[in-house]
Structure formats: C-alpha cells, structure tokens
Asker: 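Structure below; questions to follow.
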Amino acid sequence: RREKISTFVSHSWHGGPWQKILALTTFYNSRAAISLGCVSAVMMMLLSGLGYLPDLVSNWASLSGCLTSALVLMLWRPQTEVFLDRICISSEESVKTQAIFSLAGLLKRSDEMLILWDSSWAQRLWC
C-alpha cells in the first residue's frame, strides 16, 4: 500500500477522452520533449557545421529537433504515480460508495491535484 500519491487526477466522464489524453501527454511529457528536441537540434547543428552530415537536407537541426520532440511527446513514460478513478475505484456499488467517501483521504495523501476541466466538470460531484 502506497503512502503518497504524486498526482490526483480529477475529471468529468462527460469530457472527450482524446482531450484528456492530449492534456495529460502535454502536462507530463512536454518538458522532456522540448529539452531533448533542443539537444538533438544543437547536436545536428554542430555535426552539420563540422561537415559530418551530407547536404541532402539543408536544415538538419530543425528536422531532428522537431522529430525528436514529437517522438518524445508521444512515447515518453514519466515516472509519476497518479490516482485515476476509473482505474482505482471498483465499479461494484458497495465498494464504490466506500471508495468515493475515501476520496478526501486520497486527496490528503496526494502531492498535487490535476483538474482536467471541461464545461461539465464543475456541475458534477461524482459520475
């Protein structure tokens, strides 16, 4: 049993799943994607400037930086433990009710709360 949860993710089940996936991907992966994309671009700029790369592509730095950033954004797996109700709360009614009443304790043990807000989020207590 874990003592701490890094992030408690709050969301509405009425929001679009792809919007949530995009928001979580951006939230967790963008820093690594930008950093590694810049490192890749600088390396290619140096290699191109020193003549180690063929002149087939005129802008190796931009191409490699964008490609690296896109791949890292999509494939990076952060080492963060999160609480997501769909995974962590049983759908069995008797257990589900107890789990919902325990959310305050889970929030207390969380380092941060991430709200995936949409227009229905504030209108729903639990769904």
Side-chain angles (χ1 to χ4, degrees):
R1 197 165 116 141
R2 306 293 292 169
E3 292 297 320
K4 290 296 271 180
I5 299 169
S6 296
T7 308
F8 183 99
V9 179
S10 177
H11 66 99
S12 167
W13 286 106
H14 297 282
W18 288 108
Q19 293 169 331
K20 294 175 193 174
I21 291 169
L22 181 60
L24 289 171
T25 300
T26 303
F27 182 78
Y28 285 113
N29 297 359
S30 60
R31 184 175 294 148
I34 291 169
S35 300
L36 292 173
C38 288
V39 167
S40 174
V42 168
M43 286 175 40
M44 289 300 178
M45 183 176 59
L46 290 173
L47 290 173
S48 181
L50 294 172
Y52 289 114
L53 297 175
D55 291 334
L56 298 173
V57 178
S58 62
N59 202 347
W60 283 99
S62 295
L63 180 65
S64 68
C66 290
L67 183 62
T68 301
S69 292
L71 288 172
V72 170
L73 188 64
M74 291 184 296
L75 302 175
W76 187 262
R77 296 292 181 244
Q79 300 299 313
T80 303
E81 294 182 11
V82 301
F83 173 87
L84 183 61
D85 58 357
R86 177 70 173 207
I87 298 169
C88 301
I89 293 182
S90 174
S91 59
E92 185 181 319
E93 285 302 318
S94 62
V95 179
K96 182 178 181 179
T97 303
Q98 290 175 336
I100 291 170
F101 286 127
S102 300
L103 286 176
L106 289 169
L107 277 169
K108 185 177 181 179
R109 291 188 297 152
S110 299
D111 292 330
E112 61 186 9
M113 179 177 181
L114 175 63
I115 297 173
L116 300 179
W117 189 89
D118 67 7
S119 59
S120 67
W121 182 84
Q123 299 171 358
R124 318 220 34 102
L125 179 59
W126 183 263
C127 54

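All values below come from the heavy atoms of this structure, side chains included, with hydrogens, waters and symmetry mates left out. In this text the structure is predicted, and so the values were computed from the model without any measurement. Starting from 1, each residue takes its place in the sequence as its number.
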Asker: With distance as the sole test, does W76 use its side chain to make a donor-acceptor pair with the main-chain N or O of S30 at under 3.5 Å?
Answerer: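 No, because the side chain of W76 does not come within donor-acceptor range (under 3.5 Å) of the backbone of S30.
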Asker: For S69 and I34, indicate whether the former's side chain and the latter's backbone hold a donor-acceptor pair under 3.5 Å.
Answerer: no
Asker: Check for a donor-acceptor pair, side chain of S40 on one end and backbone N or O of L36 on the other, with a separation under 3.5 Å.
Answerer: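 Not confirmed, S40 side chain does not pair with L36 backbone.
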Asker: For E112, does the CD atom sit with more than 12 other heavy atoms under 6.0 Å from it, leaving out its own atoms?
Answerer: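 Yes, enclosed.
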Asker: About how many Å separate CD1 of I115 and CZ of F8, when rounded to the nearest 0.5 Å?
Answerer: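 It is 10.0 Å, given to the nearest 0.5 Å.
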Asker: Quick one, T25 with L73, criterion side-chain contact (heavy atoms from CB on, under 4.5 Å). Give me CA distance, side-chain angles, the key distance, then yes/no.
Answerer: CA-CA 7 Å; T25 300; L73 188 64; 4.1 Å; yes
Asker: Give me the atom names and distance for the closest heavy-atom approach of N29 to P78.
Answerer: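 It is OD1-CD, 3.6 Å.
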Asker: Rounded to the nearest 0.5 Å, what separation is found between the CH2 atom of W117 and the CD atom of Q19?
Answerer: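 With rounding to 0.5 Å, CH2 (W117) is 11.0 Å from CD (Q19).
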Asker: Could you list who else is in V39's hydrophobic cluster, with ILVMFWY side chains joined at under 4.5 Å, directly or through other members?
Answerer: M43
Asker: Other hydrophobic cluster members with L71, side-chain heavy atoms of Ile/Leu/Val/Met/Phe/Trp/Tyr under 4.5 Å, chained?
Answerer: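 Members besides L71, by chain and number: L67, M74, L75.
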Asker: Please report the shortest heavy-atom distance between G65 and A41, naming the atom on each side.
Answerer: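 Between these two residues, the closest heavy atoms are CA-CB, 4.1 Å.
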Asker: Using a side-chain heavy atom cutoff under 4.5 Å and only I, L, V, M, F, W and Y, what cluster partners does M45 have?
Answerer: none
Asker: Is any side-chain heavy atom of L47 closer than 4.5 Å to one of W60?
Answerer: no
